[in-house]
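Working notes for the structure below.
To find a chain, count down the sequence lines: A is the first, B the second, and so on, and within it residues start at 1. Predicted model, so just to flag it, every value in this text is computed and none were measured. Heavy atoms only: backbone and side chains are in, while hydrogens, waters and symmetry mates are out.
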Protein chains: 2
Amino acid sequence: MDAETARTRLLETAYALFNERGIQAVGMDEIRSASGVSLKRLYQLFPSKDELVEAVLRRRDEDVRASVTARVEAHEDPEERILAVFDFLDAWFRQPDFRGCTFINTFGELGGVAGPVGDIARAHKQDLRDLFTALVAAAGRPRELAGQLTILANGAMATAGIEGSPTPARQARSAARTLLAATRPAPARTT
Amino acid sequence: MDAETARTRLLETAYALFNERGIQAVGMDEIRSASGVSLKRLYQLFPSKDELVEAVLRRRDEDVRASVTARVEAHEDPEERILAVFDFLDAWFRQPDFRGCTFINTFGELGGVAGPVGDIARAHKQDLRDLFTALVAAAGRPRELAGQLTILANGAMATAGIEGSPTPARQARSAARTLLAATRPAPARTT
DNA sequence: GCTGCGGGAGAACGATCGTTCTCCCCGATG
DNA sequence: CATCGGGGAGAACGATCGTTCTCCCGCAGC
């Protein structure tokens with residue numbers, strides 16, 4: 001097996017197991033048996049579990065950001081671009097293996113404690129906030145709206161994860177629409 | 001030492017440690033040394049770590065609900081009663097040991113897995129939703145608003161926890177005010 | 001065919017943790 | 001004062017886990 005495919009299989013297998021049961025509850029041996037990559041290779045590619053976790057989170061960060069960006073860029077209207085983030089959430093929450101946001105969950109499990117893992121989670125959420133800040137500016141809305149949209153998105157993730165239901169995405173989208181309507185700069189135009 | 005005070009000290013110590021570092025990262029021995037209650041007594045009162053965790057979560061659930069209720073009932077105006085929930089969040093997030101919502105964190109750490117602990121977390125969040133549902137009905141607002149406020153509250157908890165900042169409470173409160181204003185049934189009266 | 005050698009399978013090791021057991025002290029009771 | 005029982009301190013036990021080590025197979029080069 002190629003080293004690159006082994007790496008990919010490890011990251012995908014580890015992400016699936018971490019997502020399902022948490023990080024600490026999954027042993028390296030289980031990642032080995034589920035991925036089919038031997039322990040020797042595993043430790044060649046990732047010298048410790050911490051580094052594997054970091055790599056999984058970094059990859060997840062890239063995947064999520066790419067998916068969100070693709071959704072956003074499918075629209076031209078600045079308001080639609082903002083709502084597209086919530087459409088992404090809706091599609092995500094409907095996936096059968098959805099079990100909440102990896103970064104919120106990881107923070108809950110390992111949080112407080114310093115270290116690279118916490119930094120990655122914080123940076124990921126900061127990126128979400130930055131995205132909303134840019135979209136809000138492009139839509140000509142007041143800066144404060146970005147923070148409110150960030151809270152709506154994170155709240156939808158947390159609520160959907162715990163309740164095991166995708167409906168928070170639609171509810172958050174609807175709230176975002178109301179907030180957008182309340183700050184509409186130009187006089188008319190319906191959504 | 002009285003059995004009741006031992007029980008209280010155990011629950012408070014365990015909560016503080018779980019809040020700070022997560023559940024799995026805290027050993028029974030550390031709870032013993034931090035609480036000053038011997039292991040024998042600990043296992044007399046809570047025959048297993050799982051039962052201690054359950055008791056801690058149940059107590060936390062009661063404490064939070066009592067605090068929120070007190071804040072809400074300090075106001076008469078139905079709109080103020082809704083906003084009081086976000087004032088509670090603001091006061092909570094400012095406490096130096098705040099590290100996110102215990103139930104969101106616990107779900108992230110142990111989630112997915114069935115069992116009493118997950119049930120308690122889900123029930124706690126359902127209670128928050130029920131509270132908003134009642135407050136929204138009393139304020140004469142449409143039902144959908146309750147879900148949106150729930151998402152705002154949970155989002156403020158998750159965002160404040162990860163960012164380590166209390167400002168999401170104020171941002172969520174401001175968003176809630178906008179949502180309330182957008183659905184105001186009677187013609188006038190300023191907030 | 002023989003020799004290395006890279007990699008796979010899984011045993012082994014040391015640490016940690018939940019839980020139980022042992023030993024000892026102390027205070028109450030006659 | 002002797003006895004007895006409950007509780008404290010901490011050792012002990014068995015399981016799990018991250019990490020390393022051992023053994024062996026299959027294949028490249030001569």
Nearest-angstrom distance from the residue atom [atom1] of [X] to [atom2] of [N]:
X: Ile31(A); N: dT19(D); atom1: CD1; atom2: P; value: 10 Å
X: Arg32(A); N: dG7(C); atom1: CZ; atom2: P; value: 17 Å
X: Lys40(B); N: dC25(C); atom1: NZ; atom2: C1'; value: 12 Å
X: Arg21(B); N: dT16(C); atom1: CZ; atom2: C1'; value: 13 Å
X: Tyr43(B); N: dC13(D); atom1: OH; atom2: P; value: 17 Å
X: Gln24(A); N: dG18(D); atom1: CD; atom2: P; value: 10 Å
X: Leu39(B); N: dC17(C); atom1: CG; atom2: P; value: 13 Å
X: Leu52(B); N: dT19(C); atom1: CG; atom2: C1'; value: 14 Å

Applying the salt bridge (charged side-chain N to carboxylate O under 4.0 Å, His left out) test to Glu79(B), which of Arg173(B), Arg184(B), Arg177(B) qualifies? Arg184(B)
Within a radius of less than 6.0 Å around CD of Gln95(A), do more than 12 heavy atoms belonging to other residues, nucleotides or ligands occur? yes
Nucleotide nearest Ser38(B) (side chain, heavy atoms from C-beta), chosen from dG8(D), dA9(C), dT19(C): dG8(D)
With a cut-off of less than 4.0 Å, is there a side-chain N or O of Gln44(A) near OP1 or OP2 of dG6(C)? no
Do the rings of His124(A) and Phe103(A) sit parallel, tilted or perpendicular, given the 30° and 60° boundaries? parallel
Confirm from the modelled atom types if Lys49(B) and dG18(C) form a donor-acceptor pair under 3.5 Å, side chain to base only. no
So what does Val37(A) touch, heavy atoms closer than 4.0 Å: a base, only the sugar-phosphate, or nothing? nothing
Identify whether the distance between the nearest side-chain nitrogen and carboxylate oxygen of Asp63(A) and Arg60(A) falls below 4.0 Å. no
